[in-house]
Amino acid sequence: MPFESNFRRTRVLQLGSGLTALSALESLVERFEVVGLVREHHPETAKDDPTIRLAQSLEITVLSDASAGAIVRSIEELKPDCVVVSSHKRILTPSTLAKCRFINVHYAPLPKYRGRANVNWALINGEQFAAITIHTISPGLDEGNILFQESIEIGESDDVTSLYERLNAIQRKALAMTVLRHLDGHNGIPQDHQKATYGCTRIPDDGEIDWTRPASEIHRLIRALTSPFPGAFTYHEGCRLWIRRAELVADPPRFDGRVPGRVASISQRSGSVDVLAGEGLIRLLEVQREEDAAEPASNVLRSVRETLGLRTSDLLARIDRLERLLSSKGLL
């Protein structure tokens, strides 16, 4: 059909190094000629990357250099009609944006949550909804016109993994048609910049649990950092302990004497451990020590005298052990 042939002649270059790139590529290849995929990777791990495997199976050129200069060269060589960005880690310069039309996929309800880690922040902050926005790219951070937006409700059982799965499904369905509409002349709706909010970059160390916070906040942090993110963690006996699965304790007993992070009860039958927060109780189901496999929490936490978190006494004990070791070797 002539209409379908026109789809195939439209050339698209995709930029994407993160979690949303696969569903973006799956959508784009249905409607366009994808002339290249810019995705930072190491050659030895490329075979384990489903996005790269799909591109290679379709004979799409995969480019690992995502620097500004390399992107400009790719645009000049491949001559795409449009560049589609989904999970790209670098800010594009005005001179780069002048080379071609650019469209970005942003998993947030713009103009709220411009910036980074938006799905994580939505969970951490207790938002009722997460969203996907497809917008044109302008020099300002996530400031372009909105071409498409759809929200999803965040359920009590949702974690960041399930939210990404649901948002990726929407992207897979909507991205190609949104790009097509834009190329056919739809310029979208300008954002209200007065309503803009921002999410800062998150690093793995931001996942440390503060046991003085309410149990509901701690539970949201754990849900916000499930796979493939590093995870929420605490300290046990001076070493990191990742909390892989947890749940809130309904109708918890009242504690007039409360030490946040203290083990309150242990169930050998279920393998769970209840831990006091600044308010409420959180039930740890599965934890993971460094370099070990995940296991039931009761395998690691065995006493109501134990307290999670890095305490002054832990640090002093560690210093004491180090001094004794150095002294035994004649180094102190």
Side-chain angles (χ1 to χ4, degrees), residues 19 117 119-128 130 152-168 202-255 257-311 314:
L19 303 176
V119 183
N120 311 85
W121 282 121
L123 268 168
I124 290 168
N125 292 338
E127 298 286 359
Q128 186 177 356
I152 58 172
E153 188 170 0
I154 299 175
E156 292 183 2
S157 62
D158 272 316
D159 55 29
V160 73
T161 310
S162 65
L163 290 179
Y164 264 102
E165 289 173 353
R166 292 165 63 194
L167 293 167
N168 280 337
R202 293 187 60 85
I203 60 175
D205 284 349
D206 296 330
E208 183 177 357
I209 294 170
D210 178 357
W211 292 102
T212 67
R213 305 304 302 165
S216 57
E217 289 187 18
I218 295 171
H219 187 226
R220 292 200 301 266
L221 178 67
I222 294 167
R223 291 160 56 209
L225 298 175
T226 53
S227 179
F229 296 94
F233 67 92
T234 186
Y235 288 90
H236 177 244
E237 297 178 345
C239 298
R240 282 196 182 190
L241 182 71
W242 277 268
I243 311 302
R244 295 308 184 195
R245 289 197 305 121
E247 63 186 19
L248 293 175
V249 177
D251 299 319
R254 176 176 172 177
F255 281 79
R258 176 183 295 270
V259 177
R262 179 68 50 82
V263 173
S265 64
I266 302 168
S267 172
Q268 295 296 340
R269 182 178 179 181
S270 67
S272 64
V273 174
D274 291 352
V275 178
L276 285 161
E279 177 186 314
L281 275 170
I282 187 161
R283 180 163 294 155
L284 308 186
L285 304 174
E286 197 171 64
V287 300
Q288 183 176 0
R289 291 177 282 199
E290 292 182 277
E291 300 180 0
D292 290 344
E295 57 188 321
S298 64
N299 287 5
V300 177
L301 303 171
R302 299 187 176 93
S303 170
V304 293
R305 297 175 65 87
E306 293 186 277
T307 305
L308 295 174
L310 198 57
R311 311 178 80 197
D314 295 324

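Computed from heavy atoms alone, side chains included, the values below leave out hydrogens, waters and symmetry copies. Computed from a prediction, not measured in an experiment: that's the story for all the values here.
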_Atom pair CZ (F233) and CG (L241), whose distance is rounded to the nearest 0.5 Å_ = 11.0 Å

*Considering non-hydrogen atoms only, spot the tightest contact between V160 and L225 and give its length.*
CG1-N, 4.2 Å

Atom pairs and distances, donor-acceptor, side-chain atoms in residues 121-128, under 3.5 Å, two or more places apart:
from: W121; atom 1: NE1; to: C200; atom 2: O; distance (Å): 2.9
from: N125; atom 1: ND2; to: Y113; atom 2: OH; distance (Å): 2.9
from: N125; atom 1: ND2; to: W121; atom 2: O; distance (Å): 3.3
from: E127; atom 1: OE2; to: Y113; atom 2: OH; distance (Å): 2.6

*asked:* Against V273, only a single residue in V304, N299, I266 fulfils side chain to side chain contact (heavy atoms under 4.5 Å, CB included); can you say which?
replied: I266

Table please: side-chain donor-acceptor pairs of residues 277-287 below 3.5 Å, with sequence neighbours left out.
from: R283; atom 1: NE; to: D274; atom 2: OD1; distance (Å): 2.7
from: R283; atom 1: NH2; to: D274; atom 2: OD2; distance (Å): 3.1

*From L308 CG over to W211 CH2, what is the distance, rounded to the nearest 0.5 angstrom?*
5.0 Å

*Scan residues 214-237 for pairs that pass salt bridge (Lys or Arg N to Asp or Glu O under 4.0 Å), counting only residues two or more places apart or in two chains.*
R213-E217

*Rounded to the nearest 0.5 Å, how far does NE2 of H236 lie from CD1 of I243?*
10.0 Å

*asked:* Looking at G309, is its backbone amide N or carbonyl O close enough to the side chain of T234 to form a donor-acceptor pair, meaning the two atoms are under 3.5 Å apart?
replied: yes

*Provide the full list of salt bridge (Lys or Arg N to Asp or Glu O under 4.0 Å) pairs with a residue in residues 152-165, sequence neighbours left out, each pair given once.*
D158-R166

*asked:* Using 0.5 Å steps for rounding, measure from the CH2 atom of W242 to the CD1 atom of I222.
replied: 14.0 Å

*First locate atom CG of L276, then atom OG of S265, and finally report the distance between them rounded to the nearest 0.5 Å.*
8.5 Å

*Which heavy atom in R244 sits nearest to a heavy atom in A294, and how many Å separate them?*
CG-CB, 4.3 Å

*Taking atom CD of E208 and atom CZ of R240, what is their separation to the nearest 0.5 Å?*
7.0 Å

*With sequence neighbours excluded, residues passing salt bridge (Lys or Arg N to Asp or Glu O under 4.0 Å) with D251*: none

*How far apart are the closest heavy atoms of E306 and R262, and which atoms are they?*
O-CD, 3.2 Å

*Which residues satisfy the ring pair (Phe, Tyr, Trp, His ring centres under 6.0 Å) test with F229, sequence neighbours excluded?*
none

*Between the main-chain N or O of S227 and the side-chain N or O of T161, is there a donor-acceptor pair closer than 3.5 Å?*
yes

